[in-house]
Engineer: 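Below you'll find the structure I mean.
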Amino acid sequence: MQNLRWVLMLHLIISFSAQLSKSQRTQATGPGCNAADRAALLSFKAKIMRDTTGILESWVGADCCGGSWEGVGCNPATGRVTSLVLQKPSGGGAADNIYMEGTLSPALGNLQFLEVLVISGMNRIRGNIPNTLSSLRHLSQLVLEGNSLVGPIPSAISRLSTLKTLLLDGNRLRGRIPPSLGNLKGLLQLNLAKNYLAGPIPPSFKNFQSMQFLDFSHNLLSGVIPGFIGQFHNLTFVDLSNNQLSGPIPISLCSLTALSDVSLSNNQLTGRIPDQISGLKSLTSLSLSNNHLTGQIPASLAKLENLWNLNLSRNALSNPLPSTLAKGLPSLLSIDLSYNRFSLGTVPNWIRSKELTAVHLAGCGLRGTLPTFTKPTSLTSVDFSNNHFVYGISTFLSRMSSLQFLKLSNNQLKLDVSHILLPKGISSIDLSSNQLFGPLTAILNTHTTSFLEVIDVSRNRISGSIPKFRKGLALKVLNIGSNKIAGHIPSSISNLIELQRFDIGRNQISGIIPSSLGLLVKLQWLDLSVNRLTGSIPNSLLGIKNLRHASFQANRLCGKIPQGRPLNIFPAAAYAHNQCLCGKPLLPCKGRDHLK
């Protein structure tokens with residue numbers, strides 16, 4: 001979230017600069033567009049094979065500095081192009097349909113007076129980053145994020161001595177990060193996230209003494225987090241998550257008093273959380289999840305007065321929680337301690353008494369009755385899955401009016417679902433693997449909220465039948481497998497037009513597979529196995545082109561399996577143990593069967 005905020009701020013600054021430049025052009029008379037600059041821009045345009053943004057349609061006429069060439073900014077006194085800002089327009093259609101397709105022309109390097117180059121979010125601009133960009137000696141901002149650029153990061157970029165911002169995130173860049181980038185001593189923002197970059201963080205990066213924003217997340221980086229990061233005294237944001245970094249969290253990191261957002265999640269970090277963590281006076285968000293951290297949470301963590309988001313989940317941290325947390329962390333809104341080696345027994349009082357928005361304590365050894373929160377109306381997300389709760393679900397939900405996400409799976413909850421009153425704005429419910437009973441219609445009926453996207457009540461003892469579905473529901477996941485549900489699949493299943501996963505396996509459902517099921521074109525997972533379904537598999541299911549998993553096994557189905565993708569490429573096990581199914585991937589049909 002902080003990352004997005006920074007990028008949006010940057011875009012606003014760039015947009016403002018472009019608008020200001022345009023305003024200046026309209027108020028002054030100048031020599032018009034430089035011929036060499038115009039030729040470079042037209043070379044860029046020629047390399048774009050398709051432009052659904054409509055931006056390049058405006059690039060007509062002799063004067064590229066007259067104000068009509070969208071995204072082009074000039075110095076009105078000289079007629080030289082100083083900024084090229086091409087960003088995907090907001091709104092106006094599906095995101096996948098708005099793009100530029102082509103490559104970056106090396107002629108961009110001929111824009112000798114360019115200060116700002118932004119080609120952002122165009123999705124289908126491919127090929128390498130041209131080495132010629134190193135000729136842009138006045139460039140202060142180079143933003144090529146959200147494209148499909150490939151190859152290595154050109155080491156020649158290190159010649160751009162005036163560069164302040166370098167954003168190459170969201171591409172398909174590979175290889176190692178060039179050590180020569182360390183020559184860009186004035187760099188303030190560096191974002192290389194969401195690529196395929198490997199190897200260590202170069203030692204030459206110790207030169208980034210002015211760095212404010214650093215994001216290398218979602219790559220394949222290895223080695224340790226270098227200790228010199230503690231020299232970046234202006235750093236406010238660092239995200240090294242989703243890499244293969246190892247070793248300890250450097251103590252030097254804890255000296256960065258301006259740092260507000262730290263994410264080191266999803267690496268292979270070891271050792272303890274440093275006691276010096278309290279030195280991060282400005283810290284608002286700390287995410288260390290999914291590493292190999294051990295020991296106890298340091299008591300000094302409680303001194304982080306501005307911290308609102310704390311995620312230490314999926315490590316090997318152990319009891320006890322420091323008593324200092326009871327009076328510390330005054331700004332805390334979201335906490336996740338899930339899947340460590342805690343055996344808490346009960347939810348600590350200091351968690352229950354705070355006005356929190358998210359509490360995730362999955363797999364924390366909690367027992368007995370679900371807790372009561374002092375200020376439940378603020379909660380939007382709760383995950384108490386993989387614990388040992390038995391009672392209290394109806395009382396637990398009674399005052400959570402803002403709850404959107406609820407996960408209580410893998411407990412021992414015993415209750416008639418008729419006694420569960422779900423919050424009206426809830427969007428995701430996972431009550432799977434408990435001992436719930438009662439009719440399915442108690443939680444899925446004509447009054448089901450249109451906000452609800454996920455229902456998982458699988459592996460319980462729920463009975464009854466599948467209700468009719470009205471139009472307007474937003475369900476994406478419906479998993480009611482491994483219960484005692486009977487009746488038929490209603491033809492109104494087709495009203496669930498957003499459905500991506502439909503699992504009714506291991507129940508007692510009878511009747512035919514309705515042909516209307518084939519109208520669920522977004523479906524990716526379909527499990528109808530181990531029921532009492534009869535008839536044939538309808539040909540309409542061939543219309544579900546995105547289907548990745550399907551199972552029809554152990555029913556009473558008969559006839560020819562529809563021959564076409566994706567149904568005829570699933571393994572034979574997906575159709576096994578039926579009455580008389582035939583055709584690929586099973587044995588060929590014989591006699592009348594092939595006509596069915």
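This chain uses plain numbering: 1 for the first residue, then up along the sequence. This is a predicted model, so every value here is computed, not measured.
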Engineer: Establish, for the pair Arg461 and Phe437, whether the NZ or CZ atom is under 6.0 angstrom from the six-membered ring centre and no further than 45 degrees off its axis.
Structural biologist: no

Engineer: Tell me if a side-chain donor or acceptor on Asn243 pairs with a main-chain N or O of Asn219 at a distance below 3.5 Å.
Structural biologist: yes

Engineer: Is there a donor-acceptor pair closer than 3.5 Å between any side-chain N or O of Ser282 and the backbone N or O of Thr257?
Structural biologist: yes

Engineer: On a heavy-atom basis, which atom in Gln87 and which in Met122 lie closest, and how many Å separate them?
Structural biologist: C-CE, 3.5 Å

Engineer: Any chance you could measure Ser318, atom OG, to Leu293, atom CG, to the nearest 0.5 Å?
Structural biologist: 11.5 Å

Engineer: Got a second to check how far Lys414's NZ is from Gln435's CD, nearest 0.5 Å?
Structural biologist: 5.0 Å

Engineer: For Asn411 and Asn434, which I'm curious about, is there any donor-acceptor pair between the side chains at under 3.5 Å?
Structural biologist: no

Engineer: Which heavy atom of Leu304 sits nearest to which heavy atom of Ser278, and what is that distance?
Structural biologist: CD2-CA, 3.9 Å

Engineer: Testing Ser246, Pro250, Pro200, Pro248 for side-chain contact (heavy atoms from CB on, under 4.5 Å) with Ile225, which one passes?
Structural biologist: Pro250

Engineer: Between Val457, Val454, Asp503, Ile455, which is the residue that forms a side-chain contact (heavy atoms from CB on, under 4.5 Å) with Asn479?
Structural biologist: Asp503

Engineer: Where do Pro274 and Ile251 come nearest, in terms of heavy atoms and distance?
Structural biologist: CB-CG1, 4.4 Å

Engineer: Rounded to the nearest 0.5 Å, what separation is found between the NZ atom of Lys185 and the OG atom of Ser161?
Structural biologist: 11.5 Å

Engineer: Would you find more than 12 non-hydrogen atoms of other residues, nucleotides or ligands less than 6.0 Å from Gln209 atom CD?
Structural biologist: yes

Engineer: Counting only N and O atoms by type, is there a donor-acceptor contact under 3.5 Å from the side chain of Thr270 to the main-chain atoms of His292?
Structural biologist: no

Engineer: For the CZ atom on Arg352, are there more than 12 heavy atoms of other groups (residues, nucleotides or ligands in this structure) within a distance under 6.0 Å?
Structural biologist: yes

Engineer: So Arg399 and Phe373, do their side chains get closer than 4.5 Å, heavy atoms only?
Structural biologist: no

Engineer: Among Val150, Leu149, Asn128, which residue meets the side-chain contact (heavy atoms from CB on, under 4.5 Å) test with Leu173?
Structural biologist: Leu149

Engineer: Would a distance-only check, ignoring hydrogens and angles, find a side-chain to backbone donor-acceptor pair under 3.5 Å from Thr380 to Thr357?
Structural biologist: yes

Engineer: Under the side-chain contact (heavy atoms from CB on, under 4.5 Å) rule, what do Phe342 and Ile297 come out as? Steps first, then yes or no, please.
Structural biologist: CA-CA 11 Å; Phe342 297 128; Ile297 298 174; 3.9 Å; yes

Engineer: Which pair of heavy atoms, one from Leu192 and one from Asn195, lies closest together, and at what distance?
Structural biologist: O-ND2, 3.1 Å

Engineer: Taking all heavy atoms of Leu329 and all of Lys354, pick out the closest pair and write down the distance.
Structural biologist: O-NZ, 3.0 Å

Engineer: Check the orientation of Phe213 and Phe237. Use parallel for under 30°, tilted for 30 to 60°, and perpendicular for over 60°.
Structural biologist: parallel

Engineer: Can Ser381 and His360 be counted as having a side-chain donor-acceptor contact under 3.5 angstrom?
Structural biologist: yes

Engineer: Quick one: does Lys164's side chain get under 4.5 Å of Leu187's, heavy atoms only?
Structural biologist: no

Engineer: Can you find a heavy atom in the side chain of Ser323 that is under 4.5 Å from one in the side chain of Trp350?
Structural biologist: no

Engineer: I'd like to know if the side chain of Ser385 reaches the main chain of Lys407, judged simply by a donor and an acceptor atom lying under 3.5 Å from each other, with no hydrogens or angles considered.
Structural biologist: no

Engineer: Would the distance check show the side chain of Ser252 and the main-chain N or O of Gly227 forming a donor-acceptor pair, the cut-off being under 3.5 Å?
Structural biologist: yes

Engineer: Quick one: does any side-chain atom of Thr377 pair with a main-chain N or O of Ser401 as donor and acceptor, under 3.5 Å?
Structural biologist: no

Engineer: Step by step, work out the side-chain contact (heavy atoms from CB on, under 4.5 Å) result for Arg501 and Leu478.
Structural biologist: CA-CA 6 Å; Arg501 181 179 182 124; Leu478 177 55; over 6 Å; no

Engineer: Could you go step by step and tell me if Ile480 and Ile462 meet the side-chain contact (heavy atoms from CB on, under 4.5 Å) rule?
Structural biologist: CA-CA 9 Å; Ile480 56 176; Ile462 295 172; over 6 Å; no

Engineer: Taking everything shown except Leu220 itself, do over 12 heavy atoms lie less than 6.0 Å from its CG?
Structural biologist: yes

Engineer: Report yes if the side chains of Leu325 and Leu332 come closer than 4.5 Å at any heavy-atom pair, otherwise no.
Structural biologist: no

Engineer: With a 4.5 Å limit on heavy-atom distance, are the side chains of Leu413 and Leu415 in contact?
Structural biologist: no

Engineer: Could you grab the distance from atom CG of Leu114 to atom CG of Leu133, nearest 0.5 Å is fine?
Structural biologist: 9.0 Å

Engineer: Distance from Asn266 atom CG to His218 atom NE2, nearest 0.5 Å?
Structural biologist: 7.5 Å

Engineer: Between atom CG of Leu181 and atom CZ of Phe208, what is the distance when rounded to the nearest 0.5 Å?
Structural biologist: 6.0 Å

Engineer: With under 30° as parallel and over 60° as perpendicular, where do the rings of Phe384 and Phe396 fit, or are they tilted in between?
Structural biologist: tilted

Engineer: Using the side-chain hydrogen bond (donor to acceptor under 3.5 Å, both in side chains) rule, take Arg459 and Ser482 through it: C-alpha gap first, then chi angles, then the decisive distance, then the call.
Structural biologist: CA-CA 5 Å; Arg459 298 183 297 279; Ser482 297; 5.8 Å; no

Engineer: Can you find a heavy atom in the side chain of Leu245 that is under 4.5 Å from one in the side chain of Leu221?
Structural biologist: yes

Engineer: Ignoring hydrogens and angles, tell me if any N or O in the side chain of Asn387 forms a donor-acceptor pair with the backbone of Leu361 under 3.5 Å.
Structural biologist: yes

Engineer: Using modelled atom types only, decide if a donor and an acceptor are shared between the side chain of Ser409 and the backbone of Asp430 within a distance under 3.5 Å.
Structural biologist: no

Engineer: Where do Leu406 and Leu408 come nearest, in terms of heavy atoms and distance?
Structural biologist: CD1-CG, 3.7 Å

Engineer: Could you please spell out the steps behind the side-chain contact (heavy atoms from CB on, under 4.5 Å) verdict for Ile177 and Phe205?
Structural biologist: CA-CA 10 Å; Ile177 301 174; Phe205 280 18; 3.4 Å; yes

Engineer: Can any side-chain N or O of Ser204 pair as donor or acceptor with the backbone N or O of Pro179 at less than 3.5 Å?
Structural biologist: yes

Engineer: Give me the one residue out of Ser241, Ser313, Ser289 that meets side-chain hydrogen bond (donor to acceptor under 3.5 Å, both in side chains) with Ser265.
Structural biologist: Ser289

Engineer: Does the side chain of Leu288 come within less than 4.5 Å of Ile249's, by heavy atoms?
Structural biologist: yes

Engineer: Do Asn147 and Leu104 touch side chain to side chain, with heavy atoms closer than 4.5 Å?
Structural biologist: no

